[in-house]
Amino acid sequence: MDTIVVTGNGALNGQIPIAGAKNACLTLMPAALLSEDPLTLTNAPRLSDIRTMSDLLMSLGAEVTALKDGQVQAISCHDLSNHTADHGIVRKMRASILVLGPMLARDGHAIVSLPGGCEIGVRPVDLHLKALETLGAEMELKGGYVHAKAPHGLRGGVIDFPLVSVGATENALMAATLAKGTTVIKNAAREPEIVDLAICLRRMGAQIEGEGTSTITIQGVDRLNGATHPVVVDRIELGTYMLAPAITGGEVECLGGRRDLVAAFCDKLDEAGIEVSETETGLSVRRRDNCIRAVDVSTAPFPGFPTDLQAQMMALMATAEGTSVLEETIFENRFMHVPELSRMGAEIEVHGGTAKVTGVNRLKGAPVEATDLRASVSLILAGLAAEGDTIVSEVQHLDRGYEQVVEKLSAVGAKIERTHAQ
Ligand code: UD1
């Protein structure tokens with residue numbers, strides 16, 4: 001397995017281009033299943049999760065062509081030869097469940113493996129299934145697979161989610177575009193990826209109102225056409241790279257960054273003494289003075305502080321002045337980076353869903369293991385600020401969500417190298 005070695009060497013300066021959003025792309029790609037015409041996605045990120053979704057769509061009979069080194073994904077679902085999403089692919093990536101709603105809406109039947117547990121928590125799919133049942137689907141669980149049927153097509157209904165789920169909102173939204181009549185989704189997720197999906201679906205001819213608020217109304221149509229859609233900027237990659245100059249000093253401009261995508265995160269950076277300014281081409285970040293102040297953070301669905309930036313924020317707080325409390329409210333097992341950060345000298349105590357972090361003067365490089373996607377990048381950030389070498393193993397987690405991390409950080413002056421396993 002490859003490893004990444006980071007050697008803390010002071011301030012970072014320059015520009016980092018931010019890619020298209022992985023999580024948006026992972027729902028836009030299955031949206032192609034809703035039409036017999038091609039969907040072309042531009043500004044797609046070049047990541048292993050995108051290749052996994054592409055493999056899944058191809059296993060269903062779609063033609064997926066990666067152009068411009070993967071930055072353009074052209075997806076044609078004219079003929080679907082298979083309606084079963086196999087466990088072999090689904091187990092690699094939970095977002096595979098997002099093919100269920102579109103396949104069901106288009107052809108009235110689909111079989112999808114249950115994703116099973118994952119490293120950051122139990123993460124059931126009950127809300128996805130209940131939402132599709134509300135639209136008239138019949139569900140049966142057999143041998144680890146969901147068998148879904150809607151022989152007479154889906155029909156509109158009122159879906160009232162008991163808790164906010166990004167994926168379940170996406171599945172329901174996609175399915176409702178082809179259901180007969182009106183669907184109202186209440187307590188819908190408001191994430192920018194949902195807004196991006198709604199914009200793309202509208203380009204394909206769907207009738208949708210209210211995305212970005214907690215009530216989305218969809219008027220079903222008979223068919224959707226093809227479209228070309230640019231994927232929204234990745235707010236999590238953006239937030240991650242905004243933390244790089246925060247933790248090392250210097251000034252970095254994140255190209256393509258938009259404050260509205262990371263407003264709650266910017267507020268916390270401001271409290272911590274980190275200045276974020278809007279430029280013509282993105283967001284520029286630097287410390288206001290030499291000190292990072294401890295701030296408390298609680299994760300929440302958008303527009304709150306994203307759970308996907310909690311691990312990275314903890315790396316910053318590990319070197320802040322004072323004690324901060326980070327509360328994780330979305331996933332029950334999302335502190336796996338804590339023992340690894342502790343190996344680097346961070347002082348962190350975990351009690352249930354909260355972590356108390358007492359900042360230290362300087363972290364120290366150590367061999368550490370990436371345990372999940374966001375945890376792995378928090379170790380890279382910590383390594384940028386640490387004394388000596390931080391050797392991060394299991395970096396395949398990083399490849400799921402960060403393209404060219406070594407190149408992007410080297411370009412702003414970081415000492416970072418990837419060693420390829422023989
Ligand atoms: C998406 C993101 C992920 C992010 C998460 C929360 C993608 C591909 N992934 O994941 O990076 O961390 O949103 O912002 O977009 N839940 C249920 N039943 C369900 C579905 C969810 O109980 O059927 C629970 C989950 O266990 C979790 C909470 O709801 O506690 C929120 O999860 P959800 O918003 O669905 O996350 P994902 O869509 O899986």
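Only this structure's heavy atoms are used, side chains among them; waters, hydrogens and symmetry mates stay out.
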Pairs satisfying side chain to side chain donor-acceptor pair (under 3.5 Å), at least one member in residues 217-241, at least two apart: D37-R223, T182-Q219, E193-R235, D196-H229, R203-H229, E237-K408, T240-Q312, T240-Y402
Side chain to side chain contact (heavy atoms under 4.5 Å, CB included) assessment of R287 paired with I292: CA-CA 8 Å; R287 289 186 193 163; I292 304 166; 3.8 Å; yes
For M317 against A294, the heavy-atom pair lying closest together: SD-CA, 3.8 Å
Heavy-atom closest pair, residues L34 and A105: CD2-CB, 4.1 Å
Gap separating the CG atom of N82 from the CD1 atom of I111, nearest 0.5 angstrom: 8.5 Å
Atom pair CZ/CG of R46 and D69 - distance to nearest 0.5 Å: 5.0 Å
Side chain to side chain contact (heavy atoms under 4.5 Å, CB included) partners for A206, two or more places apart: T177, L201, I208, L224
Salt bridge present between D308 and K22 (N-O < 4.0 angstrom): no
Residue pair A150 / L104: nearest heavy atoms and the distance that separates them: N-CD1, 4.0 Å
Nearest atoms (heavy-atom pairs only) where V99 meets A85: CG2-CB, 4.1 Å
Verdict with reasoning, T281 to E253, per side chain to side chain donor-acceptor pair (under 3.5 Å): CA-CA 8 Å; T281 39; E253 186 188 10; 2.5 Å; yes
Distance-minimising heavy-atom pair for A264 and P303: CB-O, 3.3 Å
S59 and D86, any side-chain heavy atoms less than 4.5 Å apart: no
Test side chain to side chain contact (heavy atoms under 4.5 Å, CB included) applied to V6 and L409, step by step: CA-CA 10 Å; V6 191; L409 286 171; over 6 Å; no
Heavy-atom donor-acceptor pair, E340 side chain to E369 backbone, under 3.5 Å: yes
M93 side, atom CE; L26 side, atom CG - distance, nearest 0.5 Å: 5.0 Å
Any L98 side-chain heavy atom under 4.5 Å of M174 side chain: yes
Non-hydrogen side-chain atoms of L197 and L28 separated by less than 4.5 Å: yes
Given M314, H337, K356, the one that forms side chain to side chain contact (heavy atoms under 4.5 Å, CB included) with I348: M314
T307 and E328: side chain donor to acceptor below 3.5 Å: yes
Value rounded to 0.5 Å, distance of CE in M336 from CG in L341: 12.0 Å
Side chain to side chain contact (heavy atoms under 4.5 Å, CB included) evaluation trace for L381 with L316: CA-CA 8 Å; L381 287 172; L316 180 71; over 6 Å; no
R94 bridged to D49 by N-O distance under 4.0 Å: no
Donor-acceptor side-chain pairing of E251 and S284 below 3.5 angstrom: yes
Within 6.0 Å of CD in E407, more than 12 heavy atoms from elsewhere: yes
Chi angles and distances behind the side chain to side chain contact (heavy atoms under 4.5 Å, CB included) call for L309, R374: CA-CA 7 Å; L309 284 172; R374 307 305 170 186; over 6 Å; no
Q310 and V297, any side-chain heavy atoms less than 4.5 Å apart: no
Min side-chain heavy-atom separation T323-T358 under 4.5 Å: yes
Exceeds 12 heavy-atom contacts within 6.0 angstrom, atom CZ of R202: yes
Any donor-acceptor N/O pair, S35 side chain to A32 backbone, under 3.5 Å: no
Value rounded to 0.5 Å, distance of OG1 in T169 from CG in L127: 8.5 Å
Atom of P102, atom of L33 and distance for their closest heavy-atom approach: CB-CB, 3.8 Å
Heavy-atom side-chain proximity of D55 to M58 below 4.5 angstrom: yes
Side-chain heavy atoms of C25 within contact of P45, under 4.5 Å: yes
Atom CD of E271 with >12 non-hydrogen neighbours under 6.0 angstrom: yes
Residue pairs involving residues 128-142 (criterion side chain to side chain donor-acceptor pair (under 3.5 Å); sequence neighbours excluded): H128-N171
Heavy-atom neighbours of E63 CD exceed 12 at 6.0 Å: no
Residue pair T3 / T419, side-chain donor-acceptor N/O under 3.5 Å: yes
Side-chain (T329) to main-chain (T299) donor-acceptor, under 3.5 angstrom: yes
Side chains of S96 and V112 in contact at under 4.5 Å (non-hydrogen atoms): no
Separation of S277 OG from R286 CZ (nearest 0.5 Å): 7.0 Å
Distance-only side-chain donor-acceptor flag, D372 / H397, under 3.5 Å: no
